[in-house]
Amino acid sequence: MATSRRISGPCEAWPEESAFIREVLDRIGDKWSVLIISTLGAEPLRYSDLQASIPGISQRMLTVTLKALERDGLLTRTAYPEVPPRVEYALTSLGRSLVDAVMTLAGWAAAHHEDVAASRRDHELTGVGRKKSARAV
């Protein structure tokens, strides 16, 4: 006789079919989305200023991520009829509601990147299922 398991964590309160919730988490938890949202948290920016503000992002990834964030209602794209053309990206109120969360996540990553790097180095030496070094907690 099989016993039923109790679901715990955030999924406990979600509907049985929660694929869309996971899609939303994928979008807002993506590294480029986090960096774009946190960068636009202060003010609207032009495409080139956004790209310069996010080291390592390619033109393609910036374009793809901006389109996805716009589709999901997290930012707006405003094209101004000027010569040369000017386009600005800004967070919507929905996007601004994420700023604190993504800033916290980005801050955690900045504060703990050395710890994660050390853990990865230790893992390479010890591997899965092997005795951990004295550094392990």
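Keep in mind it's a predicted model, so treat the numbers as computed, not measured. Every heavy atom of this structure was used, including side-chain atoms; hydrogens, water molecules and symmetry mates were not.
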In short, Val102 meets Ile28 closest at the heavy-atom pair CG1-O, 4.4 Å

Residue pairs passing the side chain to side chain donor-acceptor pair (under 3.5 Å) test with at least one member in residues 34-46, sequence neighbours excluded, are none

Hits for side-chain contact (heavy atoms from CB on, under 4.5 Å) against Ala42, two or more places apart or cross-chain, chain-then-number order -> none

Minimal heavy-atom distance between Thr92 and Gly73, with the atoms involved, is OG1-O, 2.6 Å

Residue pairs passing the ring pair (Phe, Tyr, Trp, His ring centres under 6.0 Å) test with at least one member in residues 86-113, sequence neighbours excluded, are Trp108-His112

Across all chains, not counting sequence neighbours, the salt bridge (charged side-chain N to carboxylate O under 4.0 Å, His left out) partners of Asp72 are Arg27

*Exam field: side chain Ser97 to backbone Leu94, donor-acceptor pair closer than 3.5 Å*: yes

Problem set entry | Donor-acceptor contact present, side-chain Thr104 to main-chain Asp100, <3.5 Å | yes

Those residues at least two apart in sequence (or on a different chain) that pass side chain to side chain donor-acceptor pair (under 3.5 Å) with Glu82 are Arg86

So CG of Leu45 and CD of Gln51: to nearest 0.5 Å the spacing works out to 12.5 Å

dist Asp30:CG -> Ile37:CD1 (nearest 0.5 Å) comes out at 9.0 Å

Side chain to side chain contact (heavy atoms under 4.5 Å, CB included) with Leu91: of Leu98, Leu40, Thr76, only one passes, and it is Leu40

Considering only distance and modelled atom types, tabulate donor-acceptor pairs under 3.5 Å from the side chains of residues 52-69, sequence neighbours left out.
unit_1, atom_1, unit_2, atom_2, d
Ser53, OG, Asp49, O, 2.7
Ser58, OG, Met61, N, 3.0
Thr63, OG1, Tyr47, OH, 2.9
Thr63, OG1, Gln59, O, 3.0
Thr65, OG1, Met61, O, 2.7

